[in-house]
Amino acid sequence: MNVHQALPAKRSRALEPLGEFAADVVAGLTAKPKSLPPKYFYDLTGSSLFDRITLLPEYYPTRSELSLLEKHAAEMASLLPAGAALIEFGSGSSRKARILLGVAANIECYVPIDISGDFLREDAAKLRRDLPNLAIYPVAGDFTVMSELSAGIAASRAGFFPGSTIGNFEPHEAASFLRRAGEMLGRGAILLVGVDLAKSPDVLYRAYNDAEGVTAKFNLNLLVRINRELGGNFNLTNFEHHAFYNADKSRIEMHLASTKRQKVRIGDLTVDFRAGETIHTENSYKYSIESFRALAQGSGWVPVQVWTDGLFSVHALRNAAD
Ligand code: AVJ
């Protein structure tokens, strides 16, 4: 889910022991143009900031999807096999899954997968309290690279990928994710995917540039995280949140723009920024119902049903891959 193909990374002896995050930061900030994968937004602070974004008047996707789930949960659940394990990719707070779990007696266990381990465990504990009869197996991990689930999880599986997080992938990466999800879920499995729809640039612009500035905080939090975890010295007042709609690519782009010429140190790495130079931090692709169905069909899935309010869509797909 990289916004750019990274060039072979400059090495940083001091940062090497700090693992994947450090390696991706070095690769992204020494690449031309600079970029950072959006999965690193979601430390504990970032996950909470995203939760606040979902409540903003300008950020319609979550409200749209929640009302589609509330209205059509029974239809969606009726597509799931008896005794199914519901696998959720990038669960965050399981607010959406609760709607499905609340009506689907045929779901035997719930498997939330999320990169933010602390947030995931906290949320699973709450869910266990509220749904004591449901088996819950939280998996702390990066679903963008995951290729299999532990064998202990029930054979009949169904997938749930809400929120239009599929929009963070480049279309070719979205296709390979759908293929891998097909392998994880098995032949004939159902996958429910939330997909934000292309629409007027004004509405999209406002959704990523809210008046309260929460999205800006969410974006800048990436620099706070690098300072805290990798010993960076980013001065946040020298960076600005930029989000705009790239109509040619049908995507929202988020960037952090350097307001002046400056040097930033991260461990033993020095990164130069020109005035106005940006770090590309996220793409959020917007589809039409037809273009997403074509992507799914090209990845071994058969469109079964779609629910939409014109702004957002939830697709039910069946795995036809051999
Ligand atoms: C969680 C990836 C679906 O792209 O709309 C919200 C993240 N970024 N505001 C999106 C996000 C800025 C969100 N996804």
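Order of appearance sets the numbers: ligands from 1, and atoms from 1 within every ligand. Position 1 is the first residue of the sequence, and the numbers go up from there.
For Leu220, the side chain to side chain contact (heavy atoms under 4.5 Å, CB included) test picks out Leu223, Leu236, Phe239, Leu256, with sequence neighbours left out. For Phe244, the ring-ring contact (aromatic ring centres under 6.0 Å, His included) criterion is met by His255, not counting sequence neighbours. Every residue two or more places apart in sequence or in another chain that forms a ring-ring contact (aromatic ring centres under 6.0 Å, His included) with Phe21 is listed here: Tyr40.
Thr308 places a side-chain heavy atom less than 4.5 Å from the side chain of Leu197. Inter-residue side-chain proximity for Asp43 and Ser116 is flagged as unmet; no heavy-atom pair is nearer than 4.5 Å. Ser284 places a side-chain heavy atom less than 4.5 Å from the side chain of Lys286.
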Quick one: table the atom pairs, ligand 1 N or O against protein N or O, below 3.5 Å, distance rounded to 0.1 Å.
residue: ligand 1; atom: 4 (O); partner: Ser284; partner atom: OG; Å: 2.8
residue: ligand 1; atom: 5 (O); partner: Tyr59; partner atom: OH; Å: 2.6
residue: ligand 1; atom: 5 (O); partner: Tyr208; partner atom: OH; Å: 2.6
residue: ligand 1; atom: 8 (N); partner: Glu282; partner atom: OE1; Å: 2.7

